[in-house]
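Below you'll find the structure, written out as structure tokens, and then a few comments.
Note that these values count all heavy atoms, side chains included, but never hydrogens, waters or copies made by symmetry. Just so it is clear, the model here is predicted, and its values are computed rather than measured. Every chain is numbered from 1 and lettered A, B, ... according to where its sequence line falls, protein lines coming before strand lines.
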4 protein chains.
Amino acid sequence: MVIHFGMASFEWVQKMAEQEPGKPSATSRTPDKRERILEAAIAVFAEKGFAQTKVSEIAKVAGVADGTIYLYFENKDDLLIKAYEASMDRILESLARLLAETESTAEKVERFIQHHLQMVGNDKQLAKVITVELRTSPKFMVEYKNTKFNDYLRLLSDIIANGQGEGVLRGDIDPALAARALFGMLDELSLMFVLGGRMDLRITARLLYETFMNGTAVPQSGDSATQRAIALTNRINR
Amino acid sequence: MVIHFGMASFEWVQKMAEQEPGKPSATSRTPDKRERILEAAIAVFAEKGFAQTKVSEIAKVAGVADGTIYLYFENKDDLLIKAYEASMDRILESLARLLAETESTAEKVERFIQHHLQMVGNDKQLAKVITVELRTSPKFMVEYKNTKFNDYLRLLSDIIANGQGEGVLRGDIDPALAARALFGMLDELSLMFVLGGRMDLRITARLLYETFMNGTAVPQSGDSATQRAIALTNRINR
Amino acid sequence: MVIHFGMASFEWVQKMAEQEPGKPSATSRTPDKRERILEAAIAVFAEKGFAQTKVSEIAKVAGVADGTIYLYFENKDDLLIKAYEASMDRILESLARLLAETESTAEKVERFIQHHLQMVGNDKQLAKVITVELRTSPKFMVEYKNTKFNDYLRLLSDIIANGQGEGVLRGDIDPALAARALFGMLDELSLMFVLGGRMDLRITARLLYETFMNGTAVPQSGDSATQRAIALTNRINR
Amino acid sequence: MVIHFGMASFEWVQKMAEQEPGKPSATSRTPDKRERILEAAIAVFAEKGFAQTKVSEIAKVAGVADGTIYLYFENKDDLLIKAYEASMDRILESLARLLAETESTAEKVERFIQHHLQMVGNDKQLAKVITVELRTSPKFMVEYKNTKFNDYLRLLSDIIANGQGEGVLRGDIDPALAARALFGMLDELSLMFVLGGRMDLRITARLLYETFMNGTAVPQSGDSATQRAIALTNRINR
DNA sequence: GATGAATGAGTGTTCATTCAT
DNA sequence: CATGAATGAACACTCATTCAT
């Protein structure tokens, strides 16, 4: 059924942000040096903002020398991009796993929303970097082809396109546009949360889910369904 | 038609971005110098991004000396903020005028959406600065109390709250949250447009309007229609 | 008598720093504009130091427009020099008048010292400018031929030379050197006073006078020499 | 004897200004970089004056990059202060060593004077910086608590106080004031020398010594007092 | 003469990046 | 691989001076 709004568990991605064990290597005492730098970068970018962040401070937080960073990354920009991409890889992976567990369009949408907000709740720093810093200036939104972001959006637009194929969602909306719109809501509310807004992410997830589904759902065939839609529309148009 | 959201004229704000005369004073040789600087600032910020913009380039574009900028603005940050606030003042004013023309909640929502996207379409540069640059880092989103933005959002949340009071919109959603969510969609789609996405702003406006209204509308009482609506609502409210 | 150490009045220059009436002119409402600028310059230079002083602030204090200053003075340096010279003219004049009142070398020395310290006490700001600012950098101590200062020193070295001619002061000391040394003491103690040191200028004047005279006096010939020495010493020790 | 005014050697501090080895460290490529910057700073400050000196020129003279200076010093001000303090440390040390060699008040005074003028003769640049630049404006005379200078003066005022305790010097003069006065003479004559005045520093030292001692000496008690005064005077006049 | 808006040369300081060790 | 001292390009901002009114 189109509209089945049960809220699934909110603990799926609970551990997403936890440190992966890392692959110990015999040659280096700190095999995860690269990881530590990425972590440190995200932490400092989140706290200070990209422009205000000094490479030397990332180095200090990561416990490495300034120059070491340049053994692993091309430059400061690259560091932001790589930090972002590494995070997105983890996010995309966990999201894909989650979505694979169900066939239902509605449930997929629900999970997408929950997953997004949960990620935000679990790793505020990362969320801030993605939400705020990556938007900054041509350097990251234009020159850099944001593949991971497109992957993320495609995951969503595919769900929507499928829903349209199944006749569950309105067919007159460009799935990419709808995906982008939903992402916009998620992103804005995440920003609100990240910048200190008090906000219950679970309730927010539910509301987003409901309104998005209601807004995009196709009225069911059959007499009553039709009337509902008409009634609704009439009200709206007054 | 399910949802017939008559699209009102899309030309309301057509001239919003035109140069205001400025207040000529007997003492200043070029009374509009301040305006020229603001314009230039928006243009250059939009093109290069705030961090990559040199004050001297703004001066060059504005046709004034570097130092002149500091007669009108405290510093580079202030220039961005003042450019933003001046623009927001114009936007808020034209938006308020537009909203005052109608009493209908639906129409107000429609006009808000159209107004926003039209502004984006009319002044891509300004839209880019607002959409992209102002998000940059604590400096502008945290330290700076963004009053104008709050005014903008309040205009929208008031519409929603009124709609709830009239029983037209779902009452279980925090109007501020709903406003923020709608703004998120508008902003994200604006960004998409601003960064070069091919996109029909009118159609986008219509779709946003429809989905937002459908997503948040309250079903009317009445026989069969009623049941659907109730069912829907019940589901939603758990 | 060579050594008569009575302290003459300390009120000679009491009014030296008072505003001269100015020569009212029919053409200008503020005939003393130039004077007001000089006064303001001294006040601000004294408070902030030359380098930290903005011409615009002098203008504000003087109650004139920035540009007006350049009608009366070539540039900022010139302003300092002219302020200094105008002050020195007043000082030299009042000093010359004072010294003309007596023939005694000892009394002249005494009056010189008193006059100097009194000037410092009466116009701390001026004293600070002369003592501190004028020493700054080649611009004022090297490039600028400090004629007034030389005049001031010459007044003193002439006294000393005369004393030597009369056999009252040691003849084996270069009068210019002795004058400079005495000035050094005066200047250093003035600086001490000007920078906030608590200090009784009258007592300081007496001590400087006594020690300078004792240090440079010639013992009288003849048996009475002994008595002279004793008398001298007794006087000094009170 | 209280007053034995033989002129001791004038070569004590001859090597005071020579470069100290510096503390080479394994990590720094050029261990003496800090010293080179200090030297260069003194040279350029002396030549151009503090305000007219560009940090970049100090860097050029020192043979380092502009930024390197900021690895060793906080800012331009700090550079002046540190250059001054490092020099004063050397001066204070060599002076203390010199004064420790004798118990006689007269000899200590003599050595102090000689040491001061010799320092001036040996390192004109340093003398100029200390004499001229450090007086500049509140920044260095007021805000900066000039500890080293106070140490220097205290060394002198202690000598004087001791002399007073021994009954050799007049007890009615504040030792701090006397010290300051003597310093004023030294400083003024140094300035004269530094700014190009032709002047024999040895003779100047002797004259200062004699006049200061004569000006401040106490006549010995007893009938011979008279003779003492005469003897004193005779000695002084050679 | 007087004004003060406009000018633009001038510079201290930062910090991403390099490279000798 | 790792270091961190050294680099030097880059730039916001100031303020003495000018000049059209």
Checklist outcome for this item: Encoded 5' to 3' (Watson-Crick or G-U under 3.5 Å; [ ] crossing; | other strand), DNA chain F becomes .||||||||||||||||||||
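For A/E57 and E/dT17, the CD to C1' distance is 18 Å, given to the nearest whole Å. Distance CD1 (C/I69) to C1' (F/dC19): 16 Å, rounded to an integer number of Å. Atom NZ in C/K60 sits roughly 19 Å away from atom C1' in E/dA2 (whole-Å rounding). Residue D/I58 contributes atom CD1, which lies 18 Å from atom C1' of F/dT7 at whole-angstrom precision. B/Y72 places its OH atom 14 Å from the P atom of E/dG4, with the value rounded to the nearest Å. Rounded to whole Å, atom C1' of F/dC1 lies 15 Å from atom CG of A/D32. Distance CZ (A/F73) to P (E/dT18): 15 Å, rounded to an integer number of Å. E/dG12 atom P lies 15 Å from atom CG of D/D78, rounded to whole Å.
Counting only heavy atoms from C-beta on, D/V64 has its side chain closest to F/dT7 among E/dT7, F/dA5, F/dT7.
For B/Q125, the side chain to side chain donor-acceptor pair (under 3.5 Å) criterion is met by no residue, not counting sequence neighbours. In terms of the side chain to side chain contact (heavy atoms under 4.5 Å, CB included) criterion, residue partners of B/V64 (sequence neighbours excluded) are, by chain and number, B/K33, B/R36, B/I37, B/A59, B/A62, B/T68, B/I69. Applying the side chain to side chain donor-acceptor pair (under 3.5 Å) test to C/D89 and every residue at least two apart in sequence or in another chain returns C/K148. Scored by the side chain to side chain contact (heavy atoms under 4.5 Å, CB included) test, D/S87 finds D/I42, D/L126 as partners (sequence neighbours excluded). For A/E85, the side chain to side chain donor-acceptor pair (under 3.5 Å) partners two or more places apart in sequence, or in a different chain, are A/Y144.
Checking the phosphate oxygens (OP1, OP2) of E/dA5, no side-chain nitrogen or oxygen of B/K33 falls inside 4.0 Å.
When each of A/A65 and D/A65 is assigned the nucleotide of DNA chain F bearing its nearest heavy atom, the one mapping closer to the 5' terminus is A/A65.
The two residues D/I130 and D/Y84 make their nearest non-hydrogen contact at CG1-CD1, 3.7 Å.
Considering OH of C/Y72 and CG of C/L79, their distance stands at 13.0 Å, rounded to 0.5 Å. Taking OH of B/Y70 as the start and NZ of B/K76 as the end, the distance is 8.5 Å to the nearest 0.5 Å.
Among residue pairs with one or both ends in residues 53-62 of chain D, those qualifying as side chain to side chain donor-acceptor pair (under 3.5 Å) are D/K48-D/E57; sequence neighbours excluded.
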Checklist entry - What string of B, S and - do you get for nucleotides 9-16 of chain F 5' to 3' if you count protein non-hydrogen atoms under 4.0 Å? => result --SSBBSS
